[in-house]
Colleague: 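Here you go, one structure.
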Amino acid sequence: MRHSNCFGNAMETTKNFRDPDLVKKIVGKLRENKRPIRIMEVCGTHTMAIGKWGLRKMLPESIELISGPGCPVCVTPASFIDALMAIESATVCVFGDLMRVPGSSGTLEDARSRGHDVRIVYSPMQALEIAKERETVFSAIGFETTIPGIAHTIETARKQGIDNFSALTSLKAIPLALNALLTSDEVRIDGFILPGHVCAVLGMEPFRFLPERFAVGGVITGFEPLDILCSIQRLIETRDAPEIANNYARVVSDNGNPHARAMIDHVLEPAEALWRGLGVIQDSGYVLRKEYQPFDAAIRYGIAITGTKENPGCRCGDVLKGIIKPDHCGLFATACTPANPIGPCMVSSEGSCAAYYRYERSYLPQAGEGVNGL
Ligand code: SF4
């Protein structure tokens, strides 16, 4: 197991991680790269950080950064929004980003304006508190970062006998999505900036298949500018001998968090899941184990989340697979803006389209110069 940190002990505080001299030094090194490399950042927080710190424009043309399926709101299909809107006999609790994501007949914000009791919560436990007073459905979306907290909440509801609480789940496993991307051959990826938050739970092991099966490396990465730049440098250096490296050891232990994984395993089990863009992927989701099914809103309300009707003009699916960059959607920054979002990638605070709109429009290539010639 390798730990990568290109500036070693020089990076000890947040200030160090933004040190302009260190940034210049590593950017100088990166600009020496001549061999084209395409690197996918899997986490929406990385997408935002790359935009916010202007990292893309610092890099030479030979280093291309593409965004992947790392925004939980974005990969949740429209049919999940439809299902939440269909639950009118209970209070529906959601994280804020979900309110403006279009379903096939409007948004949860629209539903609330029609009198549907939809509330924004900041944690699943907040929804559980509401459930002590009224029938409540929590919209359980997320990756391994948030799943342990959701599992803990369901376990707490069971222990405390809070029968008014249930969860409609669309919980997803990141490693299986990366496997699906590399298996599909739709997009060429030479390396992954791996999601620090997810890896804090999973550790390194679930990503070993990347170099072993696909000869593609991955670096677990934090969210400061030098975290990201150092990881890019590591991916370039190890391209011909790909590995999984941990460049975020100040937060992520190689073994992740066994307690959090045990909580997931206690309450949930793997199941197939429907991803926007990627379709159905076997074992890439989590559903409630049999003994917890009384808290499964899909069972309680007789809901099946199957097919999905997406807006035909929205290319979020292609954006999430890294096939196109956001500005190569014909609706980007014209019909689709943060004020009038057409797809979830423009709604979410971690969405690629929102990141490009907010930070990167001024220097993006013109239409026709996108990745894969699209
Ligand atoms: Fe969808 Fe809007 Fe992004 Fe186009 S710009 S892919 S319509 S969210």
Side-chain angles (χ1 to χ4, degrees), residues 38 40-52 56 64-82 84-85 94-110 139 141-143 170 172 177 180-181 184 186-187 189 274-279 307-374:
R38 303 185 78 232
M40 174 174 276
E41 86 272 0
V42 179
C43 176
T45 311
H46 281 137
T47 306
M48 281 289 167
I50 288 165
K52 176 180 172 184
R56 199 182 315 275
E64 186 178 11
L65 301 182
I66 53 175
S67 305
C71 156
V73 170
C74 305
V75 297
T76 301
S79 51
F80 184 79
I81 305 294
D82 296 343
L84 286 173
M85 288 172 75
V94 303
F95 293 138
D97 277 1
L98 215 59
M99 288 296 282
R100 298 176 67 223
V101 174
S104 60
S105 59
T107 65
L108 288 163
E109 204 170 51
D110 299 333
S139 156
I141 68 167
F143 301 132
S170 184
K172 294 186 167 66
L181 275 176
S184 79
E186 281 188 284
V187 61
I189 300 165
L274 175 61
W275 296 63
R276 188 188 299 265
L278 295 169
T308 187
K309 290 182 211 158
E310 309 294 344
N311 185 312
C314 173
R315 297 189 66 189
C316 272
D318 289 337
V319 170
L320 292 165
K321 287 187 284 189
I323 293 175
I324 66 162
K325 288 182 177 171
D327 57 319
H328 291 268
C329 167
L331 306 181
F332 178 79
T334 53
C336 182
T337 63
N340 180 33
I342 289 178
C345 302
M346 188 62 89
V347 177
S348 171
S349 59
E350 295 193 336
S352 301
C353 299
Y356 273 64
Y357 187 93
R358 184 166 180 188
Y359 297 117
E360 312 213 32
R361 277 181 298 153
S362 60
Y363 59 87
L364 284 170
Q366 296 305 300
E369 297 174 3
V371 296
N372 281 1
L374 294 170

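Side chains included, hydrogens not; waters and symmetry mates left out as well; all remaining heavy atoms used. As the structure lists them, so they are numbered: ligands from 1, and atoms in each ligand from 1.
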Colleague: Is R361 close enough and on-axis enough to Y359, meaning under 6.0 Å and within 45°, for cation-pi?
Modeller: no
Colleague: For atom 3 (Fe) of ligand 1, which protein heavy atom lies nearest, and how many Å away is it?
Modeller: C353 SG, 2.4 Å
Colleague: If the cut-off is 4.0 Å to any non-hydrogen atom of F332, which atoms of ligand 1 fall inside it?
Modeller: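 Under 4.0 Å from F332, ligand 1 has these atoms: 5 (S).
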Colleague: I need the nearest protein heavy-atom contact for atom 4 (Fe) of ligand 1: residue, atom name and distance, please.
Modeller: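 Sorting protein heavy atoms by distance from atom 4 (Fe) of ligand 1 puts C329 SG, 2.3 Å first.
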Colleague: Tell me if a side-chain donor or acceptor on D318 pairs with a main-chain N or O of I324 at a distance below 3.5 Å.
Modeller: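 Between the backbone of I324 and the side chain of D318 there is no qualifying donor-acceptor contact (under 3.5 Å).
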Colleague: Distance to 0.1 Å, residue and atom name: give those for the protein heavy atom nearest to atom 1 (Fe) of ligand 1.
Modeller: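 Checked against all protein heavy atoms, atom 1 (Fe) of ligand 1 sits closest to C314 SG, 2.4 Å.
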Colleague: Mark up the atoms of ligand 1 that fall under 4.0 Å of a heavy atom belonging to C336, in ascending order.
Modeller: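 Once the distances to C336 are compared, the set is 2 (Fe), 5 (S), 7 (S), 8 (S).
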Colleague: Between T107 and D110, does any side-chain donor sit less than 3.5 Å from a side-chain acceptor?
Modeller: yes
Colleague: Look at the side chain of N340 and the backbone N and O of A335, then say whether any donor-acceptor pair between them is shorter than 3.5 Å.
Modeller: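 A pair under 3.5 Å: yes.
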Colleague: Just which atoms of ligand 1 are under 4.0 Å from any heavy atom in M346?
Modeller: 8 (S)
Colleague: May I ask you to decide whether K325 forms a salt bridge with E64, counting only side-chain N to carboxylate O separations under 4.0 Å?
Modeller: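 Looking at E64 together with K325, the answer is yes, because their closest N to O distance falls below 4.0 Å.
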